[in-house]
Amino acid sequence: MRHLLTVIAILLVFACCTTEADRSRMRAGLDSINQRNRNDQPITAADVQPYVNFFDDHGTPNDRLLAHYLLGRAYHDHGEAPMALQCYQDALDYADTLSGDCDYVQLSRVFGQMAQIFYEQGLYRQHIQCEKKSIKFAWLGNDTLAALMSNEQEFLSYYELGIIDSAIIVIEEVAHKYNQYGRSVNSAISLGLAIPLLIDKREFPKAKHYMNLYESYSGRFDSHGNIEAGREIYYKTKGLYFLYTENLDSAEYYFRKELRNGSDLGNQNSAANGLALLYHKIHKPDSAAKYAIYAYTMLDSVYAQRSTKEVERMQALYDYTRHQEIARREQERASSEKSKRQLSITILFVVTLLAIYIIRKMYLDRKRRQVQYIQNLEQLEQTQSELLQLRSHAEEYNELIAIKESLYEEQNVILQEQRKKNLLDHAEIDKRILESDICNKILKNTCKKLTVEELRECRKFVLENLPEFNNLLLSKQYKINNNDFNVCVLFRLGIKSKEVSNLLGLSQGRISQICTKLLLSIFKIDKGGATELIEKLNELY
């Protein structure tokens, strides 16, 4: 062990060659870039790479997590989705989720950014998986808002996958949680996403209720009921509601309002579609044809616009030339550092082998001691059981009882020596009793008589955890019998008198006689019953 500590000390000397001042300076620079990113200010890979290089060698898991996350953000902002995903995956590899100081909030952000890329690329199931992990770590980091926002994002992929019922359930649960945490605005905005789906499913009462909440609490409408610019598509949704509920004048009003206020291609197409449906419903074929043709014309433009974006998306995803160039530079950097790492790897290898040897030896020694301890415990319990049986027929087996008592004392001395290394305080013992499998098993069915094996398990548990209790009751001077001992064991495990009667198949009167006898013979108390005996037994450990 001294040699191991010496080697570890040498490693620490090497590790500390970088001063704390250097680390503080680099950490401040990384925090500055992180703040720029959170303020939506542009950052580049060149800005972040020096910090990645530094903290890969001298940082904590949280430092590396943040550095690689910011490098991924830089690549993503410049349309390099493959490199961004690689950086996010590197960040996850560096995160130490078993550490007490793991930055769960930052981990949640990494999964959130990965989810965004998957959604942008149309990989909706991967998007949902990442959002669920983002939610998990946001809750672990006590970031309620981030958890709910990630939960809300799942709606988008369920909708795109056509899993409409799940999409509605997600958005309703999120809205409910927003309200629980006092965020009524977020709740109303969330419910706004569900309105078109409910109208398509013809769930009009619920759709109307959500429309009222959305218009009243989302903060997106002025005093005249006009939605803020850029969200005019809502007029199409509201128009469809009135169309399907036979309020045709209101439907026409909102379709025309979208046509008038929503100047972009999407709104023009949606409004024209709505008007075509309306005129078809009221049997005006000329007007229906007019708006259907207009909608068709707008649809061509919409598809052209979407195609352009799709080309850009695919170009960003499959720009392998750029990806390979960056990978080549990374490989050159890694090669230049290879010689510096070789010595560290060699030393770590030697230390690891030494540590494995020491740990294995300690494990085998401990396992051997544990096996011996269990064997001794089994032997002692067997002797104890035989002694209690013999005491029930004391007159016939006096000589054999004496032999068993002597054997019990010898075995108990051996076990006590082994037990000294594992002493627990009283509070820990009481907790162990309450949480023990045998106690929970008994308490679940107190109407059924215990089997011989279950009684042995109870006595074995007491034997292992309550040596003072066990030694006192089995002392030669008291000579208590099997039933007496079983009553005391169950009382000490927290079982009530009536339940003990059921578990042992003894009458309440017999239990009372045993309590009176034991109080007098062991504790010198001439008055009392089960309550007094339980109090005295609970003082024994």
Does a side-chain heavy-atom distance below 4.5 Å link [X] with [Y]?
X	Y	answer
V110	F137	no
R25	D22	yes
F461	L493	yes
T237	L240	no
E535	T531	yes
I438	I442	yes
F255	L259	no
F242	L248	no

Quick check: closest heavy atoms across [X] and [Y], and the distance to 0.1 Å?
X	Y	answer
L503	N445	CD2-O, 3.9 Å
I199	A207	CG1-CB, 4.0 Å
I171	L193	CD1-CD1, 3.7 Å
I43	L70	CD1-O, 3.8 Å

Under a 3.5 Å threshold, yes or no: a donor from one side chain and an acceptor from the other, between [X] and [Y]?
X	Y	value
E203	H209	no
S270	N273	no
D31	N34	no
Q41	N37	no
S187	N179	yes
N226	K257	yes
E131	Y119	no
S99	D101	yes
N261	E258	no
Y214	R220	yes

Q.
Ring-plane angle category for Y181 and W139, please: parallel below 30°, perpendicular beyond 60°, tilted otherwise.
A.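 Geometry flag for W139 against Y181: tilted rings.
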Q: Look at the rings of F155 and Y159 and say which category their plane angle falls in: under 30° parallel, 30 to 60° tilted, over 60° perpendicular.
A: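 Correct class here is parallel.
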Salt bridge or not for [X] and [Y], using N-O below 4.0 Å?
X	Y	value
E232	R260	no
K201	D165	yes
E228	R231	yes
R27	E20	no
E215	K238	yes
E252	R256	yes
R36	D47	yes

Q) Are R109 and Y69 in a cation-pi setup, meaning NZ or CZ lies under 6.0 angstrom from the ring centre and within 45 degrees of the ring axis? A)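 No, a cation-pi geometry is absent between R109 and Y69.
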Q.
Tell me whether R492 forms a cation-pi arrangement with Y541, defined as NZ or CZ under 6.0 Å from the six-membered ring centre and within 45 degrees of its axis.
A.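 The answer is yes, since R492 meets both limits relative to Y541.
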Backbone of [Y] reached by a side-chain donor or acceptor of [X] within 3.5 Å:
X	Y	result
Y253	G239	no
D96	P61	no
D63	F55	no
S150	A146	yes

Might you confirm whether atom [atom1] of [X] has over 12 heavy atoms from other residues, nucleotides or ligands at distances under 6.0 Å?
X	atom1	result
M26	CE	yes
R366	CZ	no
F221	CZ	yes
D437	CG	no
K208	NZ	yes

Q: Show your reasoning for whether side-chain hydrogen bond (donor to acceptor under 3.5 Å, both in side chains) applies to Q268 and D264.
A: CA-CA 6 Å; Q268 291 293 300; D264 61 277; over 6 Å; no
Q) When you look at H78 and T44, which way does the side-chain contact (heavy atoms from CB on, under 4.5 Å) test go after all the steps? A) CA-CA 8 Å; H78 289 81; T44 66; 4.0 Å; yes
Q | Derivation and outcome, side-chain contact (heavy atoms from CB on, under 4.5 Å), residues Y178 and E152 | A | CA-CA 10 Å; Y178 273 134; E152 187 176 7; 3.0 Å; yes
Q.
Set out, in order, the CA-CA distance, both residues' side-chain angles and the distance that settles ring pair (Phe, Tyr, Trp, His ring centres under 6.0 Å) for Y88 and H68, then state yes or no.
A. CA-CA 6 Å; Y88 294 147; H68 284 273; over 10 Å; no
Q.
For a ring pair (Phe, Tyr, Trp, His ring centres under 6.0 Å) check, start with the C-alpha distance between F118 and H127, then their side-chain angles and the critical distance, and finish with the verdict.
A. CA-CA 5 Å; F118 286 134; H127 170 256; 8.5 Å; no
Q: Under the side-chain hydrogen bond (donor to acceptor under 3.5 Å, both in side chains) rule, what do Y75 and Q86 come out as? Steps first, then yes or no, please.
A: CA-CA 10 Å; Y75 283 127; Q86 182 60 56; over 6 Å; no
